[in-house]
Amino acid sequence: MSTATAAPVSAATAVAQALGRRARDTGAYPPAVSVGVTYVRDRDYALPTPMAYQRDQGSPAFEQVEELLTHLEHGTEALLMSSGMAAITAVFQALPSGSRVVVPEVKYFGLTKWLRTFGADQGLTVVEVPMDDLDAVRAALRAAPTALVWVETPANPTWKVTDVAAVAQLARQAGALLAVDNTVATPVHTNPLLLGASIVMHSATKYLNGHDDVMAGGLVTDGSVPELWERLKEQRRLAGQIPGTLEAYLLQRGMRTLTVRMPAVSRSAMEIATYFSEHPLVERVAYPGLASDPGHRVAAKQMSGGFSGMMSVFLRAKGGAALETAKATELFLPATSLGGTASLIEHRFTFEGPGSRSPENMVRLSVGLEDTGELIADLEQAIAYGSKAV
Ligand SMILES: *Cc1c(COP(=O)(O)O)cnc(C)c1O
């Protein structure tokens, strides 16, 4: 079924054609989705291809997405997973028991929660550091042998930026491997493997798919950690963290517009962040694209073509104003998740509940593809309403 293009092509060309796959027998483009989970043997009891069962070998639809992800991240191999969290936990579960891991204080809440709930049971020693403070990272790595450094940049939900190349160097010197959650930057804006990471992780549910209708995750490697990678493959096979074939099909379809969507949401987000960073009811806007943002210098160095579509707005009015703002938008949908064509607003403090480290006066925005002026007007009225409501 594979008819991958011969010459290396740009990301735009790769995603637009989803690597040019067509049905080998009829030429149908895109090729039919093969939904069978099992494969029939012939009279000699041989299988036509190495595929025998979907949980073990995946399906042709998986291969297509994995090739596309590998291409976009400049890796050697990718694994499609059933969700972003499935991809993350597979990495932590593939580490030998007793491993010490250094993770950022600010990161996706699901990972924080998983490490708190299961980290010790998995035999992991979890060390949290401010990952944007290289001295703190260096000190943590000097303190004891470390198996894994985990980085998320820009990091949910305050969009702190980590210098991936600098942390990669510190990790290498300490004999630790570096894995990067690249969900928010996407391969359009950052390629962590080219900055020294060994593994890149994606919640494909977000920008990669981009349409809020698929749950999926992905891992990509540069080939530098073959033993761990084999364990990850075995982990997916035996623990079954695989998506369905139809999800894989929808994902490659969503990815076809990735290189058009990302610059568009990044441009719009930059305009919105700039506008509200000077707004009288706003204390500050956290967005790495703003020159005033503490992470801007590093972001400008390692991100190209934009700073993605995620930001958080901190209101001057405290005590419920942010929650009231999130309730009062007309265009921004009050929902969790990010990375789709529709703009979303969320009060993380409410969503995360007990244990949340999200400031109460903060709303998180995922900027979609709507008209930027209309989004600004919508947020302006919601902030005015929310700030007055308390
Ligand atoms: C959503 C998200 C995840 C988890 O992905 P799921 O697909 O929801 O499991 C991990 N990291 C980041 C940065 C995310 O935004």
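One is the number of the first residue; the rest follow in order along the sequence. Just so it is clear, the values below take in all heavy atoms, side chains as well, and ignore hydrogens, waters and symmetry mates. Whatever order the structure lists ligands and atoms in, that order sets their numbers, starting from 1.
The single protein non-hydrogen atom nearest to atom 4 (C) of ligand 1 is Y108 CE2, 3.4 Å, given as residue, atom name and distance. Scanning all protein heavy atoms for the shortest distance to atom 11 (N) of ligand 1 gives D181 OD2, 2.7 Å. What sits closest to atom 6 (P) of ligand 1 on the protein, heavy atoms only, is G84 N, 3.3 Å. The protein atom (non-hydrogen) at minimum distance from atom 2 (C) of ligand 1 is K206 NZ, 2.4 Å. The shortest contact between atom 5 (O) of ligand 1 and any protein heavy atom is with S203 OG, 2.9 Å.
Atoms of ligand 1 lying under 4.0 Å from any heavy atom of E152, numbered from 1 in the order shown and given with element: 13 (C). Residue contact check: M85 has heavy atoms under 4.0 Å from atoms 4 (C), 5 (O), 6 (P), 9 (O) of ligand 1. Those atoms of ligand 1 that come under 4.0 Å of a heavy atom in T205, given as number and element, are 7 (O). Less than 4.0 angstrom separates some heavy atom of N156 from each of these atoms of ligand 1: 15 (O). Of all the atoms in ligand 1, the ones that sit under 4.0 Å from a non-hydrogen atom of L338 are 15 (O).
Distances between N or O atoms of M201 and those of ligand 1 include no value under 3.5 Å. Geometrically, ligand 1 and I88 share no nitrogen or oxygen pair separated by less than 3.5 Å.
No side-chain heavy atom of L68 sits less than 4.5 Å from a side-chain heavy atom of R21.
A cation-pi contact links R284 to F314, judged by a cut-off of 6.0 Å to the six-membered ring centre and 45° from its axis. A cation-pi arrangement is absent between R55 and Y53 under the rule of less than 6.0 angstrom and at most 45 degrees off the ring axis.
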task: Mind running side-chain contact (heavy atoms from CB on, under 4.5 Å) on L170 and Q173 for me, showing each step along the way?
output: CA-CA 5 Å; L170 294 177; Q173 285 162 358; 3.9 Å; yes
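Ion pair K107/E128 flagged as a salt bridge, since at least one NZ, NE, NH1 or NH2 atom sits closer than 4.0 Å to an Asp/Glu carboxylate oxygen.
Looking at L111 against ligand 1, nothing comes within 4.0 Å, counting heavy atoms.
Counting non-hydrogen atoms of other residues, nucleotides and ligands closer than 6.0 Å to CZ of R100 gives a total above 12. Sparse packing is recorded around CZ of R297, with 12 or fewer heavy atoms of other residues, nucleotides or ligands lying under 6.0 Å away.
Among all heavy-atom pairs drawn from G306 and S266, the shortest one is CA-CB, 4.0 Å. The shortest non-hydrogen separation linking L219 to M201 is CD2-CB, 3.8 Å.
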